[in-house]
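Have a look at the structure below, then the notes.
Just so we're on the same page: letters track the sequence lines, and every chain starts at 1. Hydrogens, waters and symmetry mates are skipped; everything else that's a heavy atom, side chains included, is used.
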Number of protein chains: 2
Amino acid sequence: MNKTYSISELAGEFDITTRTIRFYEEKGYLCPKRAGTRRIYTPADRTSLRLILRGKRLGLTLDETADMIKMYGSPRGNQKQLEKFIVRIGEKRVELEQKQKDLEVMLSDLSNVEAKCHVALANVVNSN
Amino acid sequence: MNKTYSISELAGEFDITTRTIRFYEEKGYLCPKRAGTRRIYTPADRTSLRLILRGKRLGLTLDETADMIKMYGSPRGNQKQLEKFIVRIGEKRVELEQKQKDLEVMLSDLSNVEAKCHVALANVVNSN
DNA sequence: CATTACGTTTACGTTAACGTAAAGTAATGT
DNA sequence: ACATTACTTTACGTTAACGTAAACGTAATG
């Protein structure tokens, strides 16, 4: 049951336009098979698309996300290359952990405002 | 000791260009005082800039970040407005929590790759 | 068999977020 | 006095990430 997808199926599922999907292909971030002229997407293509959109939500550029997707392959190379690769992974981790910290602060700020809101709301309701 | 900052001081501190700071002002996201023609930034301005850059790191647009900064003021309005506001806060929270989930998955993926890397490295080193 | 639905390519348009360059002003050191 | 340094405004340029429109193919459906 190796399912496949049409472009509009994927567009519907991820709530994006077909233009966006074609754009990603145009730039080399997707390479679907073809049935004649029509694009046929495999589950692997679908996964790639999901990773791209995940990166986008986190403010990564398409190139940055593509880099990360490449990293997810089985690591190859000699000792030097592997060591360099591990360094790169570490840099990415630092970057993502910074985002985590930013998110925590933002969410805590949001909670503070919400609490103030509830107080203000209680005051408004009680002043009748 | 109400310190103030010049534009290049802030640019240096946050590792951005003065053009970027002027651009934010041009678009209304900053409103520094002036000493003659020169811009003078208060600690409050500096905080605004920090919030803007934090939003940027998380992939928010300047408008989205500006909205959030506005939210941080003391909540005002009648009951209806406050209730609407609380809903908006909830929506923002959902958005940010999605980003948190995305980050966790990405970081765990990174850890997996790194582990594979160390295995590959051990194999390379041992195959002498 | 015409129409509706879905797909295709090609190509120009748009927006956000700055970059870059020119040309001028104001304070500061030598 | 003058050169350097930091700041200013104005204005055009650039890039990523799509939007939008035209013009066409194909396949199923009433």
Presence of [X] side-chain N/O under 4.0 Å of [N] phosphate oxygens OP1/OP2:
X: Thr18(B); N: dC7(D); value: no
X: Ser8(B); N: dC7(D); value: yes
X: Arg38(A); N: dT26(D); value: no

Between the side chains of [X] and [Y], is a donor N or O closer than 3.5 angstrom to an acceptor N or O?
X: Gln79(A); Y: Glu83(A); result: yes
X: Thr17(A); Y: Thr20(A); result: yes
X: Tyr29(A); Y: Asp63(A); result: yes

Rounded distance in Å - CD (Glu25(B)) to C1' (dT9(D)):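 Between C1' of dT9(D) and CD of Glu25(B): 12 Å.
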Arg19(B) CZ to dT10(D) P, straight-line distance once rounded to whole Å: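 About 12 Å, once rounded to whole Å.
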Residue whose nearest DNA chain C nucleotide is more 5′ - Leu62(B) or Glu26(A):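 It is Glu26(A), whose closest nucleotide lies nearer the 5' terminus.
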When we call it a touch if two heavy atoms are under 4.0 Å apart, what does [X] touch: a base, just sugar-phosphate, or nothing?
X: Arg22(B); value: base
X: Tyr29(B); value: nothing
X: Lys56(A); value: sugar-phosphate

Verdict with supporting geometry, Thr42(B) and Asp45(B), side chain to side chain donor-acceptor pair (under 3.5 Å): CA-CA 5 Å; Thr42(B) 67; Asp45(B) 292 324; 3.2 Å; yes
Non-hydrogen side-chain atoms of Met68(B) and Asp109(A) separated by less than 4.5 Å: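 A side-chain contact under 4.5 Å is absent here.
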Start and end of the DNA chain C segment that chain B contacts, any atom under 4.0 Å from a heavy atom: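 Listed 5' to 3', the contact boundaries are dA17(C) to dT20(C).
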Criterion side chain to side chain contact (heavy atoms under 4.5 Å, CB included) against Ile16(A), the qualifying member of Leu49(A), Leu10(A), Ile52(A):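 Of the listed options, the one satisfying the test is Leu49(A).
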Whichever of Ile7(B) and Lys27(A) has its nearest DNA chain D nucleotide further upstream toward 5':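 Closest to the 5' end, via its nearest nucleotide, is Ile7(B).
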